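Structure first, then comments.
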Amino acid sequence: MTSSPRVRFAPAPTGYLHVGGARSALFNWLFARQQGGTLVLRIEDTDQERSRPELIEAILESLSWLGIDWDEGPIFQSDRRDLYRTACEKLLADGGAYLIDDDKNEMPGSTLQPGLGVAVRVPEGTAAIRDLIRGEVTFDYADIDDFVIWRGRNDTPGFLLANAVDDPDLAITHVVRGEDLLSSTPRVMLIRRLLGMDYDPLYAHLPLLVNEQRQKLSKRKDDVSVGDYPAKGYLPEAMANYLALLGWGPPDGVEVRPMVEIVERFRLEDVVSSPAFFDLKKLEHINGEWIRRLSTDEFLAAAEPWVTGDDVPWPADRFDESVWRAVAPLVQERLKLMADLPAQVDWLFLAEAPEDPESWEKAMAGKVPAADLLDAVIEAYDAAGWEAETLKETLRVLGEERFGLKLGKAQAPVRVAVTGRTVGPPLFEGLVLLGRDETLRRLRAARARL
RNA sequence: GGCCCCAUCGUCUAGCGGCCUAGGACACCACCCUCUCAAGGUGGAGGCACGGGUUCGAACCCCGUUGGGGCUGCCA
(Lines give C-alpha, C1' and ligand atoms only; values in the text may rest on other atoms or scores of the structure.)
Protein backbone atom coordinates (compact mmCIF):
# COMPACT_ATOMS: atom_id res chain seq x y z
CA MET A 1 0.00 0.00 0.00
CA THR A 2 1.29 3.35 -0.94
CA SER A 3 -0.39 6.27 0.69
CA SER A 4 0.44 9.68 -0.68
CA PRO A 5 3.30 11.37 1.10
CA ARG A 6 2.94 14.40 3.34
CA VAL A 7 5.83 16.82 3.60
CA ARG A 8 6.30 20.16 5.24
CA PHE A 9 8.28 23.33 4.87
CA ALA A 10 8.85 24.92 8.25
CA PRO A 11 10.53 28.32 8.21
CA ALA A 12 11.17 30.35 11.33
CA PRO A 13 10.08 33.96 10.91
CA THR A 14 13.37 35.32 12.17
CA GLY A 15 14.40 36.71 8.79
CA TYR A 16 13.33 36.92 5.20
CA LEU A 17 13.27 33.78 3.08
CA HIS A 18 16.78 33.15 1.82
CA VAL A 19 17.84 31.03 -1.13
CA GLY A 20 18.75 28.06 1.05
CA GLY A 21 15.32 28.01 2.60
CA ALA A 22 13.74 28.55 -0.79
CA ARG A 23 15.60 25.55 -2.15
CA SER A 24 14.35 23.41 0.74
CA ALA A 25 10.83 24.64 0.12
CA LEU A 26 11.18 23.94 -3.58
CA PHE A 27 12.42 20.38 -3.10
CA ASN A 28 9.57 19.67 -0.72
CA TRP A 29 7.19 21.09 -3.27
CA LEU A 30 8.73 19.15 -6.16
CA PHE A 31 8.49 15.93 -4.21
CA ALA A 32 4.91 16.58 -3.16
CA ARG A 33 3.79 17.49 -6.67
CA GLN A 34 5.73 14.59 -8.18
CA GLN A 35 4.12 12.11 -5.84
CA GLY A 36 0.70 13.63 -5.69
CA GLY A 37 1.35 14.32 -2.03
CA THR A 38 0.57 17.12 0.36
CA LEU A 39 2.75 20.08 1.31
CA VAL A 40 2.11 21.55 4.72
CA LEU A 41 3.43 24.98 5.58
CA ARG A 42 4.36 25.36 9.22
CA ILE A 43 5.64 28.50 10.84
CA GLU A 44 8.14 27.79 13.59
CA ASP A 45 7.56 30.78 15.77
CA THR A 46 8.05 29.35 19.23
CA ASP A 47 10.81 31.78 20.14
CA GLN A 48 8.89 34.87 21.13
CA GLU A 49 12.00 36.98 21.32
CA ARG A 50 13.33 36.26 17.86
CA SER A 51 10.18 35.77 15.86
CA ARG A 52 9.04 38.75 13.87
CA PRO A 53 5.44 38.18 12.78
CA GLU A 54 5.66 40.97 10.24
CA LEU A 55 8.10 38.84 8.24
CA ILE A 56 5.66 36.01 7.73
CA GLU A 57 3.80 37.73 4.94
CA ALA A 58 7.08 38.46 3.16
CA ILE A 59 8.09 34.81 3.42
CA LEU A 60 4.77 33.65 2.00
CA GLU A 61 5.12 36.20 -0.76
CA SER A 62 8.55 34.95 -1.73
CA LEU A 63 7.27 31.38 -1.86
CA SER A 64 4.39 32.42 -4.06
CA TRP A 65 6.71 34.41 -6.28
CA LEU A 66 8.69 31.24 -6.88
CA GLY A 67 5.52 29.39 -7.79
CA ILE A 68 5.54 27.29 -4.64
CA ASP A 69 2.07 26.71 -3.28
CA TRP A 70 1.06 24.66 -0.27
CA ASP A 71 -1.92 22.51 0.54
CA GLU A 72 -2.27 23.01 4.26
CA GLY A 73 -1.39 25.83 6.60
CA PRO A 74 0.23 28.01 7.44
CA ILE A 75 0.10 26.32 10.79
CA PHE A 76 1.62 28.36 13.59
CA GLN A 77 3.50 26.62 16.35
CA SER A 78 2.66 29.53 18.60
CA ASP A 79 -0.98 28.35 18.40
CA ARG A 80 -0.05 24.86 19.48
CA ARG A 81 1.76 25.59 22.68
CA ASP A 82 -0.54 23.40 24.77
CA LEU A 83 0.39 20.38 22.70
CA TYR A 84 4.07 20.87 23.43
CA ARG A 85 3.39 21.69 27.04
CA THR A 86 1.48 18.48 27.54
CA ALA A 87 4.28 16.49 25.98
CA CYS A 88 6.79 18.26 28.15
CA GLU A 89 4.80 17.57 31.31
CA LYS A 90 4.65 13.91 30.35
CA LEU A 91 8.40 13.75 29.93
CA LEU A 92 8.83 15.45 33.26
CA ALA A 93 6.46 13.09 35.01
CA ASP A 94 8.11 10.04 33.48
CA GLY A 95 11.56 11.17 34.49
CA GLY A 96 12.77 11.41 30.91
CA ALA A 97 13.34 15.09 31.48
CA TYR A 98 14.12 17.30 34.42
CA LEU A 99 13.74 20.86 35.53
CA ILE A 100 16.69 23.23 35.17
CA ASP A 101 17.54 26.70 36.36
CA ASP A 102 19.16 29.41 34.27
CA ASP A 103 22.54 27.74 34.64
CA LYS A 104 21.15 24.36 33.66
CA ASN A 105 21.46 22.95 37.16
CA GLU A 106 18.97 20.20 37.78
CA MET A 107 16.15 21.34 40.01
CA PRO A 108 13.69 19.24 42.01
CA GLY A 109 10.12 18.75 40.84
CA SER A 110 8.23 16.89 38.14
CA THR A 111 5.90 19.54 36.78
CA LEU A 112 6.60 22.68 34.79
CA GLN A 113 7.28 25.69 36.94
CA PRO A 114 7.50 29.35 36.03
CA GLY A 115 11.06 30.44 35.44
CA LEU A 116 12.44 26.95 35.10
CA GLY A 117 13.41 25.22 31.89
CA VAL A 118 13.35 21.55 31.03
CA ALA A 119 16.13 19.34 29.74
CA VAL A 120 16.03 15.82 28.43
CA ARG A 121 18.12 13.28 30.26
CA VAL A 122 19.90 11.49 27.42
CA PRO A 123 19.95 7.75 28.04
CA GLU A 124 22.18 5.09 26.53
CA GLY A 125 21.50 3.77 23.09
CA THR A 126 21.60 4.81 19.48
CA ALA A 127 19.39 6.49 16.94
CA ALA A 128 19.36 5.35 13.33
CA ILE A 129 18.07 7.87 10.84
CA ARG A 130 16.63 6.55 7.61
CA ASP A 131 17.75 9.13 5.08
CA LEU A 132 16.76 8.87 1.42
CA ILE A 133 19.83 10.82 0.36
CA ARG A 134 22.45 9.60 2.82
CA GLY A 135 21.34 6.11 3.67
CA GLU A 136 21.23 5.11 7.31
CA VAL A 137 22.98 7.51 9.66
CA THR A 138 23.56 6.33 13.20
CA PHE A 139 24.23 8.42 16.28
CA ASP A 140 25.32 7.16 19.65
CA TYR A 141 23.52 8.91 22.51
CA ALA A 142 26.74 8.69 24.50
CA ASP A 143 28.00 11.50 22.26
CA ILE A 144 25.01 13.71 22.89
CA ASP A 145 24.64 15.96 25.93
CA ASP A 146 21.41 16.56 27.77
CA PHE A 147 19.51 19.21 25.86
CA VAL A 148 16.92 21.85 26.58
CA ILE A 149 13.39 21.37 25.30
CA TRP A 150 11.57 24.05 27.25
CA ARG A 151 12.78 27.58 27.83
CA GLY A 152 12.38 28.72 31.40
CA ARG A 153 13.40 32.19 30.38
CA ASN A 154 10.12 32.92 28.59
CA ASP A 155 8.21 29.73 29.26
CA THR A 156 8.12 28.53 25.67
CA PRO A 157 8.86 25.23 23.92
CA GLY A 158 12.15 24.73 22.10
CA PHE A 159 12.26 23.70 18.48
CA LEU A 160 13.31 20.12 19.18
CA LEU A 161 10.20 19.49 21.25
CA ALA A 162 7.86 21.26 18.85
CA ASN A 163 9.42 19.35 16.00
CA ALA A 164 9.12 15.99 17.72
CA VAL A 165 5.46 16.59 18.43
CA ASP A 166 4.40 18.27 15.19
CA ASP A 167 5.66 15.89 12.55
CA PRO A 168 3.68 12.92 13.84
CA ASP A 169 0.73 15.10 14.71
CA LEU A 170 0.61 16.41 11.16
CA ALA A 171 1.22 12.91 9.82
CA ILE A 172 4.36 13.99 8.01
CA THR A 173 5.86 11.06 6.11
CA HIS A 174 9.02 12.67 4.72
CA VAL A 175 11.12 15.37 6.34
CA VAL A 176 13.02 17.19 3.60
CA ARG A 177 15.37 19.90 4.87
CA GLY A 178 18.94 21.13 4.97
CA GLU A 179 21.80 18.99 6.14
CA ASP A 180 22.49 21.43 8.95
CA LEU A 181 19.55 19.81 10.72
CA LEU A 182 20.95 16.30 10.48
CA SER A 183 22.68 16.45 13.85
CA SER A 184 19.54 17.56 15.61
CA THR A 185 17.57 14.60 14.32
CA PRO A 186 18.67 12.03 16.92
CA ARG A 187 17.52 14.37 19.66
CA VAL A 188 14.11 14.76 18.07
CA MET A 189 13.90 11.01 17.68
CA LEU A 190 14.84 10.56 21.32
CA ILE A 191 12.06 12.87 22.48
CA ARG A 192 9.56 10.83 20.53
CA ARG A 193 10.92 7.61 21.94
CA LEU A 194 10.66 8.94 25.48
CA LEU A 195 7.14 10.02 24.66
CA GLY A 196 6.37 6.45 23.71
CA MET A 197 5.87 7.07 20.01
CA ASP A 198 7.03 4.45 17.57
CA TYR A 199 6.82 6.85 14.68
CA ASP A 200 9.68 8.28 12.67
CA PRO A 201 9.41 9.90 9.26
CA LEU A 202 11.73 9.16 6.39
CA TYR A 203 14.33 11.89 6.15
CA ALA A 204 16.04 13.57 3.22
CA HIS A 205 18.78 15.92 4.31
CA LEU A 206 19.58 18.14 1.37
CA PRO A 207 23.14 19.23 0.66
CA LEU A 208 23.79 22.72 1.94
CA LEU A 209 23.96 25.73 -0.32
CA VAL A 210 27.31 27.38 0.25
CA ASN A 211 29.13 30.60 -0.57
CA GLU A 212 32.49 31.00 -2.27
CA GLN A 213 34.21 30.12 0.98
CA ARG A 214 32.24 26.89 0.93
CA GLN A 215 30.36 27.79 4.05
CA LYS A 216 26.66 27.56 4.70
CA LEU A 217 24.90 30.52 3.17
CA SER A 218 24.13 33.03 5.87
CA LYS A 219 21.85 36.00 5.73
CA ARG A 220 24.47 38.02 7.50
CA LYS A 221 27.42 37.48 5.22
CA ASP A 222 25.72 36.61 1.98
CA ASP A 223 23.32 38.57 -0.10
CA VAL A 224 20.72 35.88 -0.47
CA SER A 225 17.29 37.15 0.46
CA VAL A 226 14.85 35.84 -2.15
CA GLY A 227 12.74 38.96 -1.77
CA ASP A 228 15.54 41.04 -3.25
CA TYR A 229 15.72 39.14 -6.50
CA PRO A 230 12.69 40.56 -8.30
CA ALA A 231 14.11 44.06 -8.00
CA LYS A 232 17.46 42.85 -9.27
CA GLY A 233 15.72 41.81 -12.45
CA TYR A 234 15.35 38.09 -12.00
CA LEU A 235 12.36 36.16 -13.26
CA PRO A 236 10.77 33.74 -10.79
CA GLU A 237 10.87 30.98 -13.40
CA ALA A 238 14.63 31.41 -13.67
CA MET A 239 15.21 31.44 -9.94
CA ALA A 240 13.10 28.35 -9.35
CA ASN A 241 14.68 26.62 -12.33
CA TYR A 242 18.18 27.36 -11.05
CA LEU A 243 17.39 26.35 -7.49
CA ALA A 244 16.13 22.99 -8.76
CA LEU A 245 19.54 22.43 -10.32
CA LEU A 246 21.40 22.80 -7.03
CA GLY A 247 21.83 19.27 -5.73
CA TRP A 248 19.86 17.66 -8.49
CA GLY A 249 20.21 17.20 -12.24
CA PRO A 250 17.61 16.14 -14.77
CA PRO A 251 18.32 12.67 -16.15
CA ASP A 252 18.32 13.89 -19.75
CA GLY A 253 20.67 16.78 -19.04
CA VAL A 254 18.25 19.48 -20.16
CA GLU A 255 18.69 22.12 -17.52
CA VAL A 256 16.59 25.07 -18.57
CA ARG A 257 12.99 23.93 -18.80
CA PRO A 258 9.50 24.55 -17.47
CA MET A 259 8.83 23.54 -13.88
CA VAL A 260 6.20 21.00 -14.94
CA GLU A 261 8.93 19.05 -16.67
CA ILE A 262 11.11 19.20 -13.59
CA VAL A 263 8.23 17.96 -11.47
CA GLU A 264 7.86 15.00 -13.83
CA ARG A 265 11.49 14.04 -13.47
CA PHE A 266 12.27 14.90 -9.87
CA ARG A 267 13.32 12.10 -7.51
CA LEU A 268 14.44 12.66 -3.94
CA GLU A 269 16.69 9.61 -4.27
CA ASP A 270 18.57 11.37 -7.07
CA VAL A 271 19.53 14.36 -4.97
CA VAL A 272 23.30 14.46 -4.52
CA SER A 273 24.88 14.60 -1.10
CA SER A 274 27.64 17.16 -1.51
CA PRO A 275 27.22 20.91 -0.96
CA ALA A 276 26.51 23.25 -3.87
CA PHE A 277 27.86 26.72 -4.51
CA PHE A 278 25.19 29.29 -5.26
CA ASP A 279 26.56 30.67 -8.53
CA LEU A 280 25.09 34.02 -9.53
CA LYS A 281 26.74 33.75 -12.94
CA LYS A 282 24.78 30.66 -13.85
CA LEU A 283 21.61 32.11 -12.40
CA GLU A 284 22.08 35.13 -14.68
CA HIS A 285 22.55 32.93 -17.69
CA ILE A 286 19.41 31.00 -16.93
CA ASN A 287 17.58 34.26 -16.35
CA GLY A 288 18.62 35.41 -19.82
CA GLU A 289 17.34 32.20 -21.29
CA TRP A 290 14.01 32.63 -19.57
CA ILE A 291 13.72 36.23 -20.72
CA ARG A 292 14.25 35.12 -24.30
CA ARG A 293 11.70 32.38 -23.92
CA LEU A 294 8.93 34.78 -23.00
CA SER A 295 6.39 35.62 -25.66
CA THR A 296 6.32 39.29 -26.62
CA ASP A 297 3.28 39.87 -24.46
CA GLU A 298 4.81 38.10 -21.51
CA PHE A 299 7.94 40.12 -21.92
CA LEU A 300 6.01 43.38 -22.08
CA ALA A 301 4.22 42.40 -18.90
CA ALA A 302 7.44 41.48 -17.11
CA ALA A 303 9.03 44.70 -18.32
CA GLU A 304 6.21 46.91 -17.15
CA PRO A 305 7.78 47.91 -13.82
CA TRP A 306 11.08 48.58 -15.52
CA VAL A 307 9.70 51.11 -17.97
CA THR A 308 6.92 52.72 -15.99
CA GLY A 309 8.11 52.26 -12.42
CA ASP A 310 9.23 54.96 -10.06
CA ASP A 311 12.89 54.41 -10.73
CA VAL A 312 12.95 54.90 -14.48
CA PRO A 313 15.73 57.27 -15.56
CA TRP A 314 13.46 59.38 -17.78
CA PRO A 315 10.58 61.74 -16.98
CA ALA A 316 7.36 59.74 -16.96
CA ASP A 317 5.70 62.04 -19.48
CA ARG A 318 8.39 61.44 -22.06
CA PHE A 319 7.77 57.69 -22.11
CA ASP A 320 6.19 56.60 -25.37
CA GLU A 321 4.34 53.31 -25.18
CA SER A 322 4.34 52.71 -28.93
CA VAL A 323 8.06 53.35 -29.22
CA TRP A 324 8.67 50.99 -26.33
CA ARG A 325 6.56 48.27 -27.87
CA ALA A 326 8.48 48.62 -31.09
CA VAL A 327 11.94 48.22 -29.52
CA ALA A 328 10.90 45.68 -26.94
CA PRO A 329 11.56 42.58 -29.06
CA LEU A 330 14.99 43.94 -29.95
CA VAL A 331 15.81 44.47 -26.31
CA GLN A 332 14.36 41.19 -25.12
CA GLU A 333 17.03 39.24 -26.97
CA ARG A 334 19.89 41.03 -25.26
CA LEU A 335 18.96 41.03 -21.58
CA LYS A 336 20.33 38.86 -18.83
CA LEU A 337 18.61 40.87 -16.13
CA MET A 338 15.47 42.93 -16.40
CA ALA A 339 17.38 45.55 -14.44
CA ASP A 340 19.52 46.14 -17.53
CA LEU A 341 16.47 47.17 -19.51
CA PRO A 342 16.34 50.91 -18.77
CA ALA A 343 19.90 51.45 -19.97
CA GLN A 344 18.98 49.88 -23.29
CA VAL A 345 16.16 52.24 -24.07
CA ASP A 346 16.61 55.34 -21.95
CA TRP A 347 17.97 57.39 -24.87
CA LEU A 348 14.62 57.01 -26.60
CA PHE A 349 12.81 58.73 -23.76
CA LEU A 350 15.39 61.17 -22.48
CA ALA A 351 15.56 64.74 -23.77
CA GLU A 352 19.26 64.29 -24.52
CA ALA A 353 21.51 61.36 -25.23
CA PRO A 354 22.76 60.09 -21.88
CA GLU A 355 26.30 60.99 -20.87
CA ASP A 356 28.84 58.20 -20.88
CA PRO A 357 32.38 59.57 -21.01
CA GLU A 358 33.88 56.19 -21.69
CA SER A 359 31.71 55.60 -24.73
CA TRP A 360 32.32 59.11 -25.99
CA GLU A 361 36.05 58.70 -25.67
CA LYS A 362 36.00 55.40 -27.45
CA ALA A 363 33.90 56.48 -30.40
CA MET A 364 34.80 60.12 -30.87
CA ALA A 365 38.48 60.26 -30.01
CA GLY A 366 39.56 57.10 -31.77
CA LYS A 367 41.06 56.67 -35.20
CA VAL A 368 37.75 57.33 -36.88
CA PRO A 369 37.46 60.96 -38.10
CA ALA A 370 34.32 61.50 -36.06
CA ALA A 371 33.76 65.17 -36.90
CA ASP A 372 33.96 64.76 -40.65
CA LEU A 373 31.94 61.63 -40.53
CA LEU A 374 29.18 63.21 -38.47
CA ASP A 375 29.07 66.15 -40.88
CA ALA A 376 28.60 63.77 -43.75
CA VAL A 377 25.96 61.73 -41.91
CA ILE A 378 24.00 64.80 -40.96
CA GLU A 379 23.89 65.91 -44.56
CA ALA A 380 22.95 62.48 -45.82
CA TYR A 381 20.32 61.76 -43.16
CA ASP A 382 18.75 65.15 -43.71
CA ALA A 383 17.69 63.93 -47.11
CA ALA A 384 17.47 60.16 -46.71
CA GLY A 385 14.31 58.13 -46.56
CA TRP A 386 13.59 57.41 -42.90
CA GLU A 387 13.56 53.63 -42.86
CA ALA A 388 16.03 51.38 -41.07
CA GLU A 389 17.33 49.73 -44.19
CA THR A 390 17.84 53.04 -45.98
CA LEU A 391 19.62 54.59 -43.03
CA LYS A 392 21.87 51.58 -42.77
CA GLU A 393 22.68 51.57 -46.49
CA THR A 394 23.28 55.30 -46.50
CA LEU A 395 25.77 55.09 -43.68
CA ARG A 396 27.41 52.00 -45.09
CA VAL A 397 28.00 53.56 -48.51
CA LEU A 398 29.01 56.88 -47.06
CA GLY A 399 31.42 55.30 -44.66
CA GLU A 400 33.04 53.05 -47.19
CA GLU A 401 33.28 55.48 -50.08
CA ARG A 402 34.29 58.63 -48.26
CA PHE A 403 36.12 57.31 -45.21
CA GLY A 404 37.13 53.80 -46.10
CA LEU A 405 35.32 52.49 -43.04
CA LYS A 406 33.31 49.33 -42.61
CA LEU A 407 29.85 49.83 -41.23
CA GLY A 408 30.95 48.45 -37.89
CA LYS A 409 33.38 51.33 -37.50
CA ALA A 410 31.32 54.02 -39.13
CA GLN A 411 28.29 53.42 -36.97
CA ALA A 412 30.13 54.01 -33.71
CA PRO A 413 30.18 57.83 -33.68
CA VAL A 414 26.57 57.92 -34.83
CA ARG A 415 25.51 55.47 -32.15
CA VAL A 416 27.23 57.35 -29.39
CA ALA A 417 25.99 60.73 -30.62
CA VAL A 418 22.41 59.53 -30.59
CA THR A 419 22.23 56.87 -27.89
CA GLY A 420 25.11 57.98 -25.70
CA ARG A 421 26.63 54.52 -25.57
CA THR A 422 28.70 52.16 -27.67
CA VAL A 423 26.34 49.31 -26.92
CA GLY A 424 22.61 49.00 -27.26
CA PRO A 425 19.85 47.68 -29.45
CA PRO A 426 20.22 47.72 -33.25
CA LEU A 427 20.94 51.33 -34.21
CA PHE A 428 18.95 51.98 -37.35
CA GLU A 429 15.70 50.61 -36.02
CA GLY A 430 16.25 52.88 -33.08
CA LEU A 431 16.84 55.93 -35.24
CA VAL A 432 13.57 55.32 -37.04
CA LEU A 433 11.77 55.35 -33.71
CA LEU A 434 13.60 58.41 -32.46
CA GLY A 435 12.63 60.35 -35.57
CA ARG A 436 14.54 62.39 -38.09
CA ASP A 437 14.39 65.70 -36.27
CA GLU A 438 15.64 64.44 -32.94
CA THR A 439 18.28 62.27 -34.57
CA LEU A 440 19.65 65.17 -36.57
CA ARG A 441 19.53 67.44 -33.54
CA ARG A 442 21.60 64.98 -31.50
CA LEU A 443 24.04 64.43 -34.34
CA ARG A 444 24.57 68.19 -34.65
CA ALA A 445 24.92 68.60 -30.91
CA ALA A 446 27.57 65.90 -30.82
CA ARG A 447 29.33 67.39 -33.83
CA ALA A 448 29.45 70.74 -32.06
CA ARG A 449 31.28 69.20 -29.13
CA LEU A 450 34.12 67.92 -31.27
C1' G B 1 38.23 18.91 20.92
C1' G B 2 33.85 15.35 20.18
C1' C B 3 30.05 13.53 16.89
C1' C B 4 28.11 13.52 11.98
C1' C B 5 28.14 14.59 6.70
C1' C B 6 30.83 15.28 2.19
C1' A B 7 34.91 14.63 -1.77
C1' U B 8 34.21 13.92 -10.64
C1' C B 9 36.70 20.06 -14.87
C1' G B 10 37.14 27.01 -11.45
C1' U B 11 31.43 26.16 -10.63
C1' C B 12 26.69 23.03 -11.02
C1' U B 13 26.26 18.18 -12.47
C1' A B 14 26.08 12.94 -15.66
C1' G B 15 28.27 8.48 -14.18
C1' C B 16 25.30 4.00 -9.87
C1' G B 17 31.90 -2.38 -11.90
C1' G B 18 33.23 -3.06 -18.13
C1' C B 19 29.34 1.59 -22.90
C1' C B 20 34.77 6.49 -19.74
C1' U B 21 40.88 7.83 -24.28
C1' A B 22 34.89 10.53 -17.99
C1' G B 23 29.47 13.35 -20.98
C1' G B 24 26.58 18.09 -20.45
C1' A B 25 25.83 23.16 -18.54
C1' C B 26 27.91 28.05 -16.55
C1' A B 27 32.31 30.76 -16.70
C1' C B 28 36.90 31.25 -19.80
C1' C B 29 39.68 31.32 -24.78
C1' A B 30 39.60 31.18 -30.31
C1' C B 31 37.00 31.35 -34.77
C1' C B 32 32.33 32.04 -37.58
C1' C B 33 27.94 35.08 -38.03
C1' U B 34 27.20 40.33 -37.40
C1' C B 35 25.65 47.94 -37.67
C1' U B 36 27.44 47.88 -31.56
C1' C B 37 26.27 44.58 -27.68
C1' A B 38 23.97 40.24 -27.01
C1' A B 39 22.00 35.75 -28.96
C1' G B 40 23.41 31.65 -32.11
C1' G B 41 27.14 28.17 -34.41
C1' U B 42 32.01 25.59 -34.35
C1' G B 43 36.31 24.37 -31.81
C1' G B 44 39.62 24.58 -27.38
C1' A B 45 41.63 24.45 -22.49
C1' G B 46 40.05 22.18 -17.88
C1' G B 47 38.42 17.02 -13.45
C1' C B 48 37.69 11.32 -11.03
C1' A B 49 42.02 14.56 -3.66
C1' C B 50 45.79 10.74 -2.05
C1' G B 51 47.19 5.66 -0.46
C1' G B 52 45.87 0.79 0.18
C1' G B 53 42.69 -3.15 -0.82
C1' U B 54 38.33 -6.29 -3.35
C1' U B 55 37.82 -7.79 -8.57
C1' C B 56 39.52 -10.58 -14.77
C1' G B 57 38.25 -5.22 -14.62
C1' A B 58 37.26 0.39 -10.71
C1' A B 59 35.28 7.46 -11.03
C1' C B 60 31.88 3.82 -9.33
C1' C B 61 32.60 -1.31 -3.68
C1' C B 62 35.68 -1.51 1.25
C1' C B 63 39.51 0.65 4.63
C1' G B 64 42.68 4.53 5.80
C1' U B 65 44.83 9.47 5.01
C1' U B 66 44.12 14.38 3.74
C1' G B 67 40.92 18.28 2.88
C1' G B 68 36.20 20.82 3.39
C1' G B 69 31.63 21.47 5.89
C1' G B 70 27.67 20.95 9.66
C1' C B 71 26.36 20.35 14.69
C1' U B 72 27.99 20.74 19.60
C1' G B 73 22.55 27.60 22.14
C1' C B 74 16.86 28.28 27.28
C1' C B 75 18.34 29.82 17.67
C1' A B 76 16.10 26.88 14.07
Side-chain angles (χ1 to χ4, degrees), chain A residues 10-15 21 44-47 49-51 100-104 116-119 129 131 133-134 137-140 142-145 147-160 162-163 177-187 205 207-208 210 212-216 242 245-256 270 272-286 288-289 292 330-336 340 344 359 363 388 391-392 395-396 399 406-412 414-416 419 421-429:
Chain A
T14 53
E44 307 221 323
D45 57 351
T46 57
D47 188 340
E49 289 168 23
R50 287 169 195 260
S51 288
I100 53 170
D101 66 10
D102 283 351
D103 299 317
K104 292 202 214 176
L116 293 185
V118 177
I129 300 166
D131 192 297
I133 297 171
R134 284 151 220 284
V137 182
T138 305
F139 287 83
D140 190 334
D143 296 317
I144 296 174
D145 297 328
F147 54 92
V148 177
I149 57 171
W150 193 274
R151 283 182 281 263
R153 178 97 179 108
N154 51 22
D155 201 32
T156 53
F159 120 98
L160 294 167
N163 225 276
R177 24 116 91 143
E179 197 212 312
D180 51 342
L181 276 327
L182 182 56
S183 323
S184 72
T185 307
R187 287 176 289 176
H205 284 98
L208 255 22
V210 299
E212 254 177 315
Q213 286 73 239
R214 299 249 120 212
Q215 288 165 333
K216 180 169 92 160
Y242 177 59
L245 264 17
L246 259 20
W248 179 81
D252 57 7
V254 180
E255 296 187 323
V256 181
D270 293 339
V272 304
S273 42
S274 45
F277 170 59
F278 184 75
D279 187 359
L280 234 15
K281 280 275 168 45
K282 184 144 183 178
L283 207 210
E284 276 187 23
H285 172 263
I286 290 176
E289 293 235 7
R292 274 173 260 127
L330 266 21
V331 174
Q332 179 178 2
E333 299 172 48
R334 353 181 96 67
L335 292 178
K336 267 203 170 78
D340 296 334
Q344 286 274 329
S359 291
L391 295 174
K392 176 180 168 184
L395 180 57
R396 190 185 65 74
K406 296 257 194 199
L407 187 51
K409 294 287 185 191
Q411 59 92 41
V414 178
R415 178 181 290 277
V416 172
T419 76
R421 300 191 187 83
T422 54
V423 302
L427 180 61
F428 306 104
E429 285 79 352

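These numbers come from a predicted model, not from an experiment. Order of the sequence lines fixes the chain letters, A, B, ..., with proteins taken first and strands second; residue numbering starts at 1 for each chain.
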So, are Arg50(A) and Asp47(A) salt-bridged, with charged N and O less than 4.0 Å apart?
yes

Using a cut-off of less than 4.0 Å, is there contact between a side-chain N or O of Arg177(A) and OP1 or OP2 of G70(B)?
no

Would you indicate what Gln332(A) reaches in the nucleic acid, counting non-hydrogen atoms under 4.0 angstrom: base, sugar-phosphate, or nothing?
nothing

Per atom distances to the Arg50(A) side chain, the nearest of G73(B), A76(B), C37(B) is G73(B)

Name the nucleic acid region contacted by Thr156(A), choosing base, sugar-phosphate or nothing; use a 4.0 angstrom heavy-atom cut-off, strictly under.
nothing

Under-3.5 Å donor-acceptor pair between Gln411(A) side chain and C37(B) base
no

The nucleotide from C6(B), C35(B), C71(B) with an atom nearest the side chain of Ser183(A) is C71(B)

Phosphate OP1/OP2 of G70(B): any Lys216(A) side-chain N/O under 4.0 Å
no

Closest listed nucleotide, where the reference is the side chain of His285(A) and the choices are C5(B), G69(B), A25(B):
A25(B)

Would you say Lys282(A) reaches U13(B)'s phosphate, i.e. side-chain N/O to OP1/OP2 under 4.0 Å?
no

Using the C1' atom on both, measure C62(B) against A22(B) and round to a whole Å.
23 Å

Are any of Ser274(A)'s side-chain N or O atoms less than 4.0 Å away from OP1 or OP2 of G69(B)?
no

Nearest-nucleotide pick for Val272(A), side chain only, options being A14(B), G69(B), C6(B):
A14(B)

Closer than 4.0 Å, any side-chain N/O of Arg214(A) to the OP1 or OP2 of C5(B)?
no

Rounding to a whole Å, what distance do you find between Leu208(A):CG and C6(B):P?
13 Å

For Glu289(A), all residues meeting salt bridge (Lys or Arg N to Asp or Glu O under 4.0 Å), sequence neighbours excluded
none

Would Glu49(A) and Arg151(A) pass as an ion pair if we require N to O under 4.0 Å?
no

Ignoring the backbone of Val137(A), work out which of C5(B), C3(B), A27(B) is nearest its side chain.
C5(B)

